[in-house]
Amino acid sequence: MKFDRQLLENFLHLGRKQPCIPFSLHIFDSLPSTNQMVWDLIAQGAKPGSVVIATQQTAGRGQWGRQWLSPAGGLYLSMAIAPQLEVTNSYQLTLASAWGIASHLRKCGITVGIKWPNDLVLNRRKLGGILTETRVFQGHITQAVIGVGINWANPVPETGINLKSWQTTQNDQAISGLEMLTAQVLLGIQSGLECLNNEGISILLSRYLHLLTNIGDHVYVNNLLGTVVGVTPEGNLRLQMAEYNRTELIKAEISVEPGTISLGYS
């Protein structure tokens, strides 16, 4: 699957209010890891806005050190940013990216939702995911890479879905190809980060929660039943716990960090 740079640049021009493209594009047929390639470019002096794109990864990275299967036909991209956030707020970059991408795809008529903390879902199946990696100096994030994988025409597991196949079941083929999808993802990341920087975490979080598919889901923590009620500004999952104390039902709210529990796919 050959990637058309000029077509991508055209879509980026159409999608932006400003006439210029702020992205420095590096496009490959296959890479071990787009995130690693961006870090390599940063080490060579690359600026924020540098983007690496591949249609296949041979050593993709997922959350918490997991392998990210990245067969040919998908979209795998990573972008360098310089966020200047406190390290305790690092997960806000993932929240911003997830909301931005989902909202841009929804404007195209694709009913994408967000599964906590970093998955993009369609029909409650996994369409893609986000991996944010950071470098920290004196308690602040000075450099970060936002990595995104989206299923376009690649094979997927039973819990996954790819966008090209899904579109064949719809009346409107909203995304014409991999280049248009890439443009929507890049513009989505940018809009999410702009929301975080210009409007703040409260506004961003309210928009993220509007697209969160997990509200009302039940999960067990230490054998106690909890109900998902939201997400904290730090990206932790808010759970309303219920337990009986002799004659009364006690409800207490707790929060759990990403990676502590898995919500799974139904």
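In what follows, every heavy atom counts, from backbone to side chain, and hydrogens, waters and symmetry copies are set aside.
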Are the side chain of [X] and the backbone N or O of [Y] linked by a donor-acceptor pair below 3.5 Å?
| X | Y | value |
| --- | --- | --- |
| Thr213 | Ile114 | yes |
| Arg5 | Leu25 | yes |
| Asn214 | Trp116 | yes |
| Ser97 | Thr94 | no |
| Thr134 | Ala144 | no |
| Gln84 | His140 | no |
| Trp99 | Leu209 | no |
| Asn162 | Asn151 | no |
| Asp119 | Gly129 | no |
| Gln173 | Gln167 | yes |

Self-check item: Audit row: Asp217, Val219, side-chain contact (heavy atoms from CB on, under 4.5 Å) steps and yes/no
Solution: CA-CA 7 Å; Asp217 285 358; Val219 61; over 6 Å; no
Answer whether the closest heavy-atom distance between the side chains of [X] and [Y] falls below 4.5 Å.
| X | Y | answer |
| --- | --- | --- |
| Tyr76 | Leu31 | no |
| Thr159 | Arg125 | no |
| Glu133 | Val38 | no |
| Asn236 | Pro258 | yes |
| Val229 | Leu239 | no |
| Val148 | Thr34 | no |
| Leu163 | Leu75 | no |
| Trp152 | Ile175 | yes |

Could you grab the distance from atom [atom1] of [X] to atom [atom2] of [Y], nearest 0.5 Å is fine?
| X | Y | atom1 | atom2 | result |
| --- | --- | --- | --- | --- |
| Leu7 | Ser176 | CG | OG | 6.5 Å |
| Leu93 | Ile146 | CG | CD1 | 5.0 Å |
| Gln92 | Ile201 | CD | CD1 | 4.0 Å |
| Leu127 | Lys115 | CG | NZ | 13.5 Å |
| Gln6 | Glu179 | CD | CD | 11.0 Å |
| Phe11 | Gln184 | CZ | CD | 8.5 Å |

Side-chain heavy atoms nearer than 4.5 Å, only ILVMFWY residues, links allowed to pass through others: does that put [X] and [Y] together?
| X | Y | value |
| --- | --- | --- |
| Ile189 | Leu211 | yes |
| Ile161 | Val112 | yes |
| Ile215 | Met241 | yes |
| Tyr208 | Ile203 | no |
| Leu224 | Val228 | yes |

Considering non-hydrogen atoms only, spot the tightest contact between [X] and [Y] and give its length.
| X | Y | result |
| --- | --- | --- |
| Gln190 | Phe23 | NE2-CZ, 4.0 Å |
| Leu8 | Phe3 | CD2-CE2, 3.7 Å |
| Pro32 | Gln57 | O-CB, 3.6 Å |
| Tyr91 | Pro117 | OH-CG, 3.4 Å |
| Pro48 | Ala82 | CG-CB, 3.8 Å |
| Pro233 | Leu205 | N-CD2, 3.9 Å |

Quiz item: Any chance CG of Asn198 has more than 12 other-residue heavy atoms, nucleotides or ligands included, within less than 6.0 Å?
Solution: yes
Practice problem: Determine, step by step, whether Leu204 and Glu199 satisfy the side-chain contact (heavy atoms from CB on, under 4.5 Å) criterion, reporting the C-alpha distance in whole Å, the side-chain angles of both residues, the deciding distance to 0.1 Å, and the verdict. | Solution: CA-CA 7 Å; Leu204 171 66; Glu199 301 184 69; over 6 Å; no
Quiz item: Can you tell me if Gln44 and Asp40 form a side-chain donor-acceptor pair at under 3.5 Å?
Solution: no
Self-check item: Working for side-chain contact (heavy atoms from CB on, under 4.5 Å), residues Val136 and Ile141
Solution: CA-CA 4 Å; Val136 178; Ile141 301 167; 4.3 Å; yes
Exercise. Report the C-alpha separation of Glu253 and Arg238 in whole Å, then their side-chain angles, then the decisive distance to 0.1 Å, and conclude whether the side-chain contact (heavy atoms from CB on, under 4.5 Å) test is met.
Key: CA-CA 7 Å; Glu253 185 176 304; Arg238 293 173 50 211; 2.8 Å; yes
